[in-house]
Amino acid sequence: MEPLVTLVAVTGLLLLAGALGAMRLRRPTTALRGGLAAMFALTAGAHFVGMRDELVAMVPPALPAPGLLVTLTGIAELACALGLLWSRTARLSAAVLSVMLVVMFPANVHAATGDVPWYDELGPRTAMQTVFLAATITVLARPSRAATETPAEPSPAAPTSTAGPRPKTAAIRNPVPRQIRLPGRHPVRRVRRSR
């Protein structure tokens with residue numbers, strides 16, 4: 001239950017910070033990345049201290065070296081939690097975490113078969129795993145920055161197409177010559193040339 005509370009609380013706080021003016025946290029997926037990073041850092045820590053024995057017991061008996069598997073998945077979760085904090089590696093980290101959530105689901109089924117509290121039974125555990133998977137997939141599927149940026153409007157003076165000659169308009173070409181008077185001389189006719 002603690003991972004779900006961590007995900008919701010940290011994401012909510014980061015969304016609030018974005019609403020209050022923290023520019024980097026204005027995008028909801030950025031806040032979600034922070035919530036997922038906090039949650040997976042918490043669960044990664046449990047692979048080494050506190051709940052290690054329970055996690056080793058969760059590994060299905062058909063898999064070899066349960067202690068090693070728990071250690072490796074803890075390292076992977078911690079690395080991906082850190083990767084979520086950097087925008088260049090966030091999508092890769094979310095992809096790895098999504099795969100891990102699917103692959104580790106049998107361990108959750110195995111853990112739910114014993115004498116467990118209500119929140120660790122198969123139904124609530126599956127619902128939490130589904131929320132975690134939906135969050136990682138949301139980060140994975142977010143559009144790239146290039147796709148979300150709006151193209152700049154072309155300036156009115158710039159041609160919209162490079163094919164063909166530029167149109168000749170009154171603003172570009174003025175057929176009326178101007179007269180300029182210099183002191184002590186006759187008027188000089190000067191014609192504006194088109195650009």
Residue pair [X] / [Y]: nearest heavy atoms and the distance that separates them:
{"X": "L85", "Y": "A37", "answer": "CD2-CB, 3.6 Å"}
{"X": "A81", "Y": "A41", "answer": "CB-N, 3.8 Å"}
{"X": "A76", "Y": "M100", "answer": "CB-SD, 3.8 Å"}
{"X": "V10", "Y": "G34", "answer": "CG1-O, 3.7 Å"}
{"X": "L7", "Y": "F132", "answer": "CD2-CD2, 3.9 Å"}
{"X": "A17", "Y": "L25", "answer": "CB-CD1, 3.8 Å"}

[atom1]/[X] to [atom2]/[Y] distance, rounded to the nearest 0.5 angstrom?
{"X": "L97", "Y": "I137", "atom1": "CG", "atom2": "CD1", "answer": "11.5 Å"}
{"X": "T6", "Y": "F40", "atom1": "OG1", "atom2": "CZ", "answer": "11.5 Å"}
{"X": "T138", "Y": "L133", "atom1": "OG1", "atom2": "CG", "answer": "9.0 Å"}
{"X": "M104", "Y": "M58", "atom1": "CE", "atom2": "CE", "answer": "8.0 Å"}
{"X": "L101", "Y": "E77", "atom1": "CG", "atom2": "CD", "answer": "7.5 Å"}
{"X": "L140", "Y": "S93", "atom1": "CG", "atom2": "OG", "answer": "10.5 Å"}

Sub-3.5 Å donor-acceptor pair from the side chain of T11 to the main-chain atoms of V8, do we have one?
no
Has the side chain of R33 got a donor or acceptor atom that lies under 3.5 Å from a matching backbone atom of A94?
no
With a 4.5 Å cut-off on side-chain heavy atoms, are [Y] and [X] touching?
{"X": "V139", "Y": "L32", "answer": "yes"}
{"X": "T130", "Y": "F105", "answer": "no"}
{"X": "M39", "Y": "L36", "answer": "yes"}

Worked check of side-chain contact (heavy atoms from CB on, under 4.5 Å) between F48 and I75:
CA-CA 9 Å; F48 303 104; I75 291 169; 3.9 Å; yes
In sequence, state the C-alpha distance, the side-chain angles, and the governing distance for T71 and R52, and then conclude on side-chain contact (heavy atoms from CB on, under 4.5 Å).
CA-CA 9 Å; T71 300; R52 182 171 175 81; 2.9 Å; yes
Would T73 and H47 count as a side-chain contact (heavy atoms from CB on, under 4.5 Å) if you check the C-alpha gap in whole Å, the side-chain angles of each, and the deciding distance to 0.1 Å?
CA-CA 8 Å; T73 56; H47 285 69; 3.2 Å; yes
With sequence neighbours left out, what residues match T126 under side chain to side chain donor-acceptor pair (under 3.5 Å)?
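If we apply the side chain to side chain donor-acceptor pair (under 3.5 Å) test to T126, skipping adjacent residues, there are no hits.
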Heavy atoms from other residues, nucleotides or ligands near CZ of R24 exceed 12 (cutoff 6.0 Å)
no
Return each pair, listed once, that meets side-chain hydrogen bond (donor to acceptor under 3.5 Å, both in side chains) where at least one residue sits in residues 54-68; pairs must be two or more places apart or across chains.
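Pairs touching residues 54-68 that pass the test: none.
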With clusters defined by side-chain heavy atoms of hydrophobic residues (ILVMFWY) lying less than 4.5 Å apart, directly or transitively, does V56 cluster with L63?
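Yes, one cluster joins them.
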Can M128 be reached from V131 by stepping across I, L, V, M, F, W or Y side chains whose heavy atoms are under 4.5 Å apart?
yes
